[in-house]
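Order of appearance sets the numbers: ligands from 1, and atoms from 1 within every ligand. None of the values given here were measured: they were computed from a predicted structure.
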Amino acid sequence: MKPTPKNGVLDIEIYVPGKSRAPEGIKLHKLSSNETPLGPPPAAIEAARRAMADLASYPDGQASELKAAIAEVHGLNTANILCGNGSDELLGLLCQCYLAPGDEAIHTEHGFLVYEIQIKAAGATPVVAPEKDRTADVDAILERVTNKTKLVFLANPNNPTGTYLPFDEVRRLQAGLPGHVILVLDAAYAEYVRRNDYGAGIELVSACENVVMTRTFSKIYGLAGLRIGWLYGPEAIVSTLDRVRGPFNLNAAAIAAGAAAIRDRAFIEAAASFNAEWLDWTTRAIEALGLQVTPSVGNFVLVHFPDETGKGAAEADAFLTARGFILRRVAGYGFPNALRMSIGSEEANRGVVAALAEFLKSPSA
Ligand SMILES: *Cc1c(COP(=O)(O)O)cnc(C)c1O
């Protein structure tokens, strides 16, 4: 007799976060978890500091200050917003509340790994929809819907590919889903996207009973360390998740810093412009070296290496790490021979390109 977890839990592969260590004495450029090189807005740091003055008290369990700031900036009703300890928590709550053993949830071929983990943790079955040109394929998703399907996860743009579905396609996906299936639009990188045909999903959530959108403060807002995410959805879904979440799931510093950060629109605009410039520069520079880069609208690029021995992603990763540039292996996402690089500071971006040029010229191991 021994303690046994419920079915599915031991099928989960443990999530391996991006590395964050460089060799002794070498300057570290962490480009492995899509954090911003610009840090948070100064007002957010100041707000978190002020929250430290009262650590003996529980935080506001409703995160009212943060919800009010989100509602104001995005023009939403607070009753449709739920805040989470990172958007990861919200993805988990969706699975916990809507999936039971025997149920299915769909994610795309190269979709964010947290979906599969949370689906399995709920005891349900993940169903993979193939992608086309490393991009979500609406028809492939719809073909896999059954009466057991409860959730469809779409990261738009997706991590680690950086590709996106135009809004018309997202609308077509929603229109093809039965009413009992929730479409989860994970818009972690929405602030970075500069395409006229993109929408994070706010209009669709407002118009439908079965669509939710998740957002994060971990990327453009520079607050990954505080763990802040939020969900916008129909009241029936928001109040369902609200019953199951931890009563104090956001800490006091997170509530204060998030509210200050989202109000600093000028800072976020500047961060998006910085990214657009360096996303473009980095993509072109890496392509000029002869490597293939998946076209990205996020703050990262997926770089593909040749299959020839000695010049693959594993060797490139070791070569870059030795020089302080920490990128992300993405074999777990179905890309054994690619690395994902977050757009970093000018120094980091130029440094990676120079190091890759040196790597490609060096004699094969
Ligand atoms: C980074 C990321 C998130 C954000 O997760 P948090 O828990 O809010 O830090 C969510 N979805 C995707 C696709 C991501 O890449």
Legend entry - Between CD1 on residue I262 and OH on residue Y221, distance to nearest 0.5 Å: 4.0 Å

Inset, instruction - Would you tell me which option among P160, S218, P157 has the nearest heavy-atom contact to atom 9 (O) of ligand 1? - result: S218

Legend entry - Test of proximity, D88 against ligand 1: N or O pairs below 3.5 Å: yes

Legend entry - Heavy atom of Y189, distance to ligand 1 below 4.0 Å: yes

Inset, instruction - Identify the two heavy atoms, one from K132 and one from D137, that lie closest to each other, and give their separation to 0.1 Å. - result: CE-OD2, 3.7 Å

Legend entry - Side-chain heavy-atom pair R172, E169 within 4.5 angstrom cut-off: yes

Legend entry - Whether R227 lies under 4.0 Å from ligand 1, heavy atom: yes

Inset, instruction - Using a strict 4.0 Å cut-off to heavy atoms of A188, name the atoms of ligand 1 that fall inside it. - result: 2 (C), 3 (C), 10 (C), 11 (N), 12 (C), 14 (C)

Legend entry - Non-hydrogen atoms of L291 and P306 that approach each other most closely: CD2-CD, 3.8 Å

Legend entry - Side-chain ion pair, E35 and K219, N-O less than 4.0 Å: no

Legend entry - Side-chain touch W230/M213, heavy atoms, less than 4.5 angstrom: yes

Inset, instruction - Heavy-atom contacts with N159 under 4.0 Å: which atoms of ligand 1 show up? List them by number with element. - result: 13 (C), 14 (C), 15 (O)

Inset, instruction - Consider ligand 1: state whether an atom of it lies below 4.0 angstrom from any non-hydrogen atom of G229. - result: no

Legend entry - Top protein contact for atom 5 (O) of ligand 1, by heavy-atom distance: S87 OG, 3.3 Å

Legend entry - Protein heavy atom at shortest distance from atom 1 (C) of ligand 1: K219 NZ, 1.2 Å

Inset, instruction - Would you mind checking if E72 and R263 are paired as a salt bridge, meaning a charged N to carboxylate O distance below 4.0 Å? - result: yes

Legend entry - Polar atom proximity, Y115 to ligand 1 (N or O, under 3.5 Å): no

Legend entry - salt_bridge(E358, K361) N-O dist < 4.0 Å: no

Inset, instruction - Consider ligand 1: state whether an atom of it lies below 4.0 angstrom from any non-hydrogen atom of D186. - result: yes

